[in-house]
Amino acid sequence: MEEQIDLVGKAFTDHYYHLFDNDRPALSSLYRPSSMLTFEGQKILGVEDITAKLTSLPFDQCQHVISTTDSQPSTFAGGIVVFVSGSLQLPGEEHHLRFSQMFHLVPIVEGNFFVQNDIFRLNYG
Amino acid sequence: MDPDAVAKAFVDHYYSTFDANRAGLGNLYQEGSMLTFEGQKIQGSQSIVAKLASLPFQQCKHNITTVDCQPSGAGGVLVFVSGTLQLAGEQHALKFSQMFHLMPTPQGSFYVLNDIFRLNYA
C-alpha cells in the first residue's frame with residue numbers, strides 16, 4: 001500500500017515531467033528565488049536562471065519515461081526528498097538517455113510544493 | 001560550513017567504511033534516519049545497519065564517478081552520488097545512484113537523515 005508521502009512524490013514528479021515534456025517555460029512555477037539546480041555538474045541558482053537553463057537545452061522536444069520514484073519525508077515543515085530514475089527520449093535519437101534526478105520539495109501551502117533543490121545526472125555506460 | 005567539503009568528506013568516509021566494515025556505518029544514522037534500498041523502506045540506525053550488513057555479498061568496492069551537493073536549509077546538505085559497485089567474483093560492476101540528506105549534530109559532525117539507493121540497470 002502506498003503511503004501518503006509516496007503519493008505526493010509521485011504526483012509531483014508526474015506533474016514536473018509533464019510540464020518539462022509539454023511546456024518547459026511553465027516549470028518556472030515550481031521554482032523560487034532560493035531554488036538551486038545542479039545540471040550535469042553545472043550549478044544554477046534562482047527561478048529565472050534555472051528556467052533559462054532548462055528552456056535553452058539543445059532540443060525542442062523530449063519525453064521522460066520514469067522507471068522508479070522513491071520519496072521520504074525530509075525534516076521540519078513537511079519537506080520531501082524524491083529520487084527518480086528513468087530515461088529521456090529525444091526525437092531522432094535512436095537510443096534513450098538514462099538519467100537520475102533528486103528533488104527536495106518544500107511546502108508553500110497545504111498540498112503545494114516548490115523545488116528547493118534539484119540535482120540531475122545522466123547515467124552513462 | 002562548506003557543503004562541498006562536507007559532502008566530499010562524508011562520501012569518502014561512508015564508502016570506505018561500507019567497503020571495509022559495514023557494521024561501522026551505525027554511527028552515521030540515528031533513530032529517525034530513513035533508508036530506501038532498491039525500493040525497500042527501512043527506518044532507524046539499528047534496522048538500517050542490519051539491512052546493510054545482511055546484503056548478500058561479503059566483499060565489495062564502491063568506485064565513485066560523480067558527487068553533487070547542495071545546502072538543503074537549516075544546515076543540512078544534500079549529496080547525490082553515482083558510481084559503480086564491484087562485488088568480489090563478479091565480472092561486471094553494478095552501476096548505482098544514491099542520495100543522502102545529511103543533518104548537523106550538536107557535536108559539529110553530520111548524520112544521515114535520508115538515504116535512497118538505486119542500482120542503475122542498462
Side-chain angles (χ1 to χ4, degrees), chain A residues 1-6 9-10 32 34-46 50 66-87 95-107 114-125, chain B residues 2-4 7 29-30 32-44 48 63-85 92-105 110-122:
Chain A
M1 188 181 72
E2 268 192 317
E3 295 171 23
Q4 181 66 19
I5 208 94
D6 297 309
K10 185 92 183 33
R32 290 288 180 278
S34 63
S35 300
M36 284 168 277
L37 166 65
T38 306
F39 190 91
E40 280 288 283
Q42 182 190 354
K43 298 186 190 188
I44 300 136
L45 179 63
I50 290 172
I66 303 312
S67 306
T68 66
T69 307
D70 295 304
S71 304
Q72 292 178 0
S74 83
T75 28
F76 52 90
I80 301 176
V81 290
V82 186
F83 188 70
V84 178
S85 74
S87 62
H95 299 290
H96 296 235
L97 299 170
R98 301 195 64 76
F99 74 91
S100 296
Q101 187 160 15
M102 63 141 286
F103 300 97
H104 179 210
L105 309 180
V106 172
F114 76 94
V115 179
Q116 170 63 22
N117 304 96
D118 179 348
I119 304 181
F120 175 91
R121 276 283 180 188
L122 293 170
N123 297 144
Y124 296 104
Chain B
D2 172 15
D4 290 306
Y29 298 93
Q30 293 186 3
S33 299
M34 289 163 278
L35 165 65
T36 305
F37 190 92
E38 281 285 286
Q40 182 190 354
K41 298 184 196 191
I42 301 132
Q43 172 135 9
I48 289 171
N63 287 299
I64 304 311
T65 312
T66 65
V67 179
D68 294 306
C69 69
Q70 293 177 0
S72 70
V77 179
L78 291 160
V79 186
F80 190 68
V81 179
S82 72
T84 64
L85 179 56
H92 298 290
L94 299 169
K95 298 178 77 65
F96 76 92
S97 295
Q98 186 160 14
M99 64 141 282
F100 301 97
H101 185 196
L102 308 180
M103 293 300 292
T105 67
F110 286 81
Y111 78 95
V112 179
L113 174 66
N114 305 102
D115 179 349
I116 304 179
F117 175 91
R118 278 283 180 188
L119 293 169
N120 297 142
Y121 297 105

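Every chain is numbered from 1, with letters handed out A, B, ... down the list of sequences.
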Side-chain contact, heavy-atom cut-off 4.5 Å: B:Lys41 with A:Asp6? yes

Between B:Phe117 and A:Phe83, is the ring centre distance below 6.0 Å? no

Taking C-beta and beyond as the side chain, do B:Pro71 and A:Met36 meet within less than 4.5 Å on heavy atoms? yes

Is there a donor-acceptor pair under 3.5 Å between the side chain of B:Gln70 and the backbone N or O of A:Ile119? no

Look up atom CD in A:Gln101 and atom CE in B:Met99, then write down how far apart they are to the nearest 0.5 Å. 12.5 Å

Which portion of A:Leu45 sits near chain B, non-hydrogen atoms under 4.5 angstrom: neither

Need one label for A:Glu40: side chain, backbone, both or neither, based on atoms under 4.5 Å from any heavy atom in chain B. neither

Quick one: does A:Ser100's side chain get under 4.5 Å of B:Phe80's, heavy atoms only? yes

Count the heavy-atom pairs under 4.5 Å between each of A:Pro73, A:Ser85, A:Gly41 and chain B, then report the option with the highest count. A:Pro73

Calculate, to the nearest 0.5 Å, the distance between atoms OG1 and OH belonging to B:Thr66 and A:Tyr124 respectively. 10.0 Å

If you look at every heavy atom in A:Asn123 and B:Ser97, which pair is closest and at what distance? ND2-OG, 3.7 Å

OG on A:Ser74 to CE on B:Met34, rounded to 0.5 Å: 8.0 Å

Output for pair (B:Asn120 CG, A:Arg121 CZ), nearest 0.5 Å, gives 12.5 Å

Is B:Leu35 in contact with chain A via its backbone, its side chain, both, or neither, using a 4.5 Å heavy-atom distance? backbone

Does the side chain to side chain donor-acceptor pair (under 3.5 Å) test come out yes or no for B:Thr36 and A:Gln72, once each step is laid out? CA-CA 8 Å; B:Thr36 305; A:Gln72 292 178 0; 2.8 Å; yes

